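Model, not experiment: these values are computed from the prediction. Counting from 1, the numbers follow the sequence of the chain as shown.
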Amino acid sequence: MSDRANDEQSAVAGDGPTEDGGTASQTSLTGRRTAGLGLLLGALGVVYGDIGTSPLYALKTVFTFDRGLVPDAPDVFGVISLVFWSITLIVSIKYVVFILRADNEGEGGVMALAALARRALLKANGRRAATVLALGALGAALFYGDSVITPAISVLSAVEGLEVTSPQWAVVVLPVSAAVLTLLFAGQRWGTGRVGAVFGPIMVLWFACLGVAGAAEVWRHPSVLAGLSPTYAALFVVDHPVIAFVAMGAVVLAITGAEALYADMGHFGRAPIRRAWFAIVFPALTLNYLGQGALILRAPDSRDNPFFLLLPDWARLPMVVLATVATVIASQAVISGAFSVSREAMRLGFLPHLRIRQTSRREYGQIYVPGVNWSLFAAVLLVVFAFGSSTNLGAAYGVAVTGTFLITTTLFLVVAGALWRWAAWRLVLFGVVFGSIELTFFTANLAKVSHGGWLTLLIAIVVFTALVRWRRGAELVTARRIEREGPLRDFIDTLHATNIPWVPGTAVFPHPNKETTPLALRANVAHNHVRHEKIVIITGRTANVPHIPWDQRLTIDDLGDPNDGIIHITAVFGFQDPTDFPEVLRHAAAHPLAKGIGLEEVSYFVSRITLRCTRQPGMATWRKRLFIALAHNAASHAEFLHLPEERTIVLSAEVPV
């Protein structure tokens, strides 16, 4: 572990990028419209892939999960009504209208919501603030579990369309699915912006096909439109309470992409996501579910795969190809969401500083996290071969995502009450309406635990343990490190008092603040008994704007004595600016306080903390070992700061854990 000069946990506040990537004074009306259309297509290609491919397996799972359902008018209308009103209430109203308002500097997802809730409670009630943060970590862990299941079930359900075309294709389903997933995860390094630009037009075609296929069947059997009435859902629940309860465990598959929708907000912005939903996605999904319902009424045997049987014979194979591409896109939604959730977890201290690559010049939220990407890939492939079919995965799907729904609702109520000052009646109404529905979904899905739902819970438990152990370990290590560092001003006073010898050259110390002393500086003085003629301490910060001009980027402080050769530089980077500390030094050299810095005689001293497991109180031994193992996966500090290898000296300091 090294000092984090680029401390994302305290990012500088600033005006974030606009939806079109610029401001009114910089961008023409035509340019703004073009950029807005690009973001809308990108949102279609990334954000709505997950929920947009739910028609592939949602109704099929409802009618095959429990054979107690009869494909007659009351049952079909009841199921269609449950699906439609679940989408309307949970996705259209809760997420698109309300939850998208709760962004943390443009970022979405359960960890961003937890950060907002913590900020609202921190001054008033520290214990409650810690509780909501832990709740956010649990929601993130459940989301990671969902991120493993979604790509697996989406791709498998599409490739299984080959079996509808010809049963002999069944043997190639697993290898083809594995190949498709490999290409998907390998392409993540190009970034969600480019991926969305490619996927967006494909998803426009996908949603058009959904709508047309569904509308054609609805046209033949318009009576199915009665299923849009909420009375059929109510009657279905009253007449068949047990069957309806079991069915709710499968109906939730129609809304599983809602949390990914929120987590991906940072990639494209709130407005494009809302426009795409109400203009394209919601109408297409409604028509397709109605069409599938009409088909099941007309031909009850079609309930085994109503999506593909909705199409004429000649269109099925092309639709398998399009569905496979669409499910690749569906997987993109949760993968991109996992990247965003991971960055928020790093900001809040729940993960070590992993390598993050910014993939957009305009959008702060568009990132690629290699470690998360390849970990998900390995887990997804394991799940595909372990479960073998989308039907088996459907029985396991839903526990994690419904748990995340409940956590998101709870955290939103905290934000709405403590930060936005909602009236009590609004909080109660929101909690009763959405909380009761989601609690029903969650309870219904608990029955799936023994059928494979244990997998997502196991993933969530492992991830949650890692998150909370890292945060607790980091708190202990930080406290002990700060104790060893000591106040910087006191150390400088000691240097003045001891008249330690000066040696020519400039020593640069990356350090996260100017209050404490870099351990590398202490070690250099203690072991070499000299100090450099010029000592420069540099602290980096990252703002959520693309670029910051050099004349606004640097703040230089003499730390109380302009003549002792010791200065502190605060460098604020835009998210597209490379965190290049040698370049910071070159620009700072023109400042009067930096006069005399010899750029050809610069040495960079990096503090590296070596962790040693001890019996000191604070954590159990196995938790300490887990924390140390996670610390070993942190990104290289020198590489991140662009420090020249031949001039960089790493000084280690042992910190007991």
Working note: Ile149 + Leu455, criterion side-chain contact (heavy atoms from CB on, under 4.5 Å); need CA distance, chi angles, decisive distance, verdict.
CA-CA 9 Å; Ile149 297 288; Leu455 176 65; 4.0 Å; yes

Nearest atoms (heavy-atom pairs only) where Ala254 meets Tyr289:
CB-OH, 3.6 Å

Side chains of Tyr144 and Ser342: is there a donor and an acceptor less than 3.5 Å apart?
yes

Using the salt bridge (Lys or Arg N to Asp or Glu O under 4.0 Å) rule, collect all pairs that involve residues 89-101, keeping only residues at least two apart or in two chains.
Lys94-Glu438

Distance-only, no hydrogens or angles: does the Thr456 side chain make a donor-acceptor pair with backbone N or O of Gly145 under 3.5 Å?
no

Ring-plane angle category for Phe377 and Trp374, please: parallel below 30°, perpendicular beyond 60°, tilted otherwise.
perpendicular

Looking only at atom types and distance, does a side-chain atom of Asn373 sit under 3.5 Å from a main-chain N or O of Leu376, one as donor and one as acceptor?
no

Is it the case that the ring center of Phe98 lies less than 6.0 angstrom away from the ring center of Phe430?
yes

To the nearest 0.5 Å, tell me how far Ile255 CD1 sits from Tyr95 OH.
8.5 Å

Could you walk me through whether Glu259 and Phe143 satisfy the side-chain contact (heavy atoms from CB on, under 4.5 Å) test, starting with their C-alpha distance in whole Å, then the side-chain angles of each, then the deciding distance to 0.1 Å, before giving a yes or no?
CA-CA 8 Å; Glu259 189 63 34; Phe143 183 81; 3.8 Å; yes

What one should report as the nearest heavy-atom pair of Gly136 and Leu411 is CA-CD1, 4.1 Å

Ignoring hydrogens and angles, tell me if any N or O in the side chain of Tyr262 forms a donor-acceptor pair with the backbone of Ala102 under 3.5 Å.
yes

Which of these, Thr409, Val401, Ile407, Thr408, sits in a side-chain contact (heavy atoms from CB on, under 4.5 Å) with Phe405?
Val401

Does His511 offer a backbone N or O that forms a donor-acceptor pair with the side chain of Thr539 under 3.5 Å?
yes

In the structure I gave you, are the side-chain heavy atoms of Ile335 and Ser147 within less than 4.5 Å of one another anywhere?
no

Would you confirm whether Trp422, through its side chain, and Val415, through its main-chain N or O, come within 3.5 Å as a donor-acceptor pair?
no

Any donor-acceptor N/O pair, Ser375 side chain to Val372 backbone, under 3.5 Å
no

Could you tell me whether a side-chain N or O of Arg541 sits under 3.5 Å from a main-chain N or O of Pro512, the two making a donor and an acceptor?
yes

Leu116 and Phe412: CA distance, side-chain angles, deciding distance, side-chain contact (heavy atoms from CB on, under 4.5 Å) verdict:
CA-CA 9 Å; Leu116 281 178; Phe412 181 82; over 6 Å; no

Check for a donor-acceptor pair, side chain of Arg118 on one end and backbone N or O of Leu133 on the other, with a separation under 3.5 Å.
no

Could you work out, with salt bridge (Lys or Arg N to Asp or Glu O under 4.0 Å) as the rule, every residue matching Arg274, not counting sequence neighbours?
none

Side chain of Tyr48, backbone of Ile273: donor and acceptor closer than 3.5 Å?
yes

What heavy-atom pair brings Val251 and Ser86 nearest, and what distance separates the two atoms?
CG1-OG, 3.8 Å

Do any N or O atoms from the side chain of Ser92 and from the backbone of Leu89 form a donor-acceptor pair under 3.5 angstrom?
no

To the nearest 0.5 Å, tell me how far Met248 CE sits from Phe236 CZ.
10.0 Å

Spatial distance of atom CZ (Phe441) from atom OG (Ser436) [nearest 0.5 Å]
10.5 Å

Shortest non-hydrogen pair, Trp85 vs Pro230, comes out as NE1-N, 3.3 Å

Would you say the ring centroid of Phe282 lies under 6.0 angstrom from that of Trp277?
yes

With rounding to the nearest 0.5 Å, note down the distance linking CG in Asn445 to OG1 in Thr402.
4.5 Å

What is the minimum heavy-atom distance between Ala141 and Ala460, and which atoms define it?
CB-O, 3.3 Å

CG (Leu113) and CD1 (Ile99) are apart, to the nearest 0.5 Å, by 6.0 Å

For the residue pair Leu100 and Asp103, establish whether any side-chain heavy-atom pair is separated by less than 4.5 Å.
no

One should read off an interatomic distance between Phe434 CZ and Ile90 CD1, to the nearest 0.5 angstrom, of 6.5 Å

Specify the closest pair of heavy atoms between Ser229 and Thr231, including all atoms of both residues, with the distance to one decimal.
OG-OG1, 2.6 Å

Stepwise side-chain contact (heavy atoms from CB on, under 4.5 Å) test for Leu142 and Val399:
CA-CA 9 Å; Leu142 289 168; Val399 181; over 6 Å; no

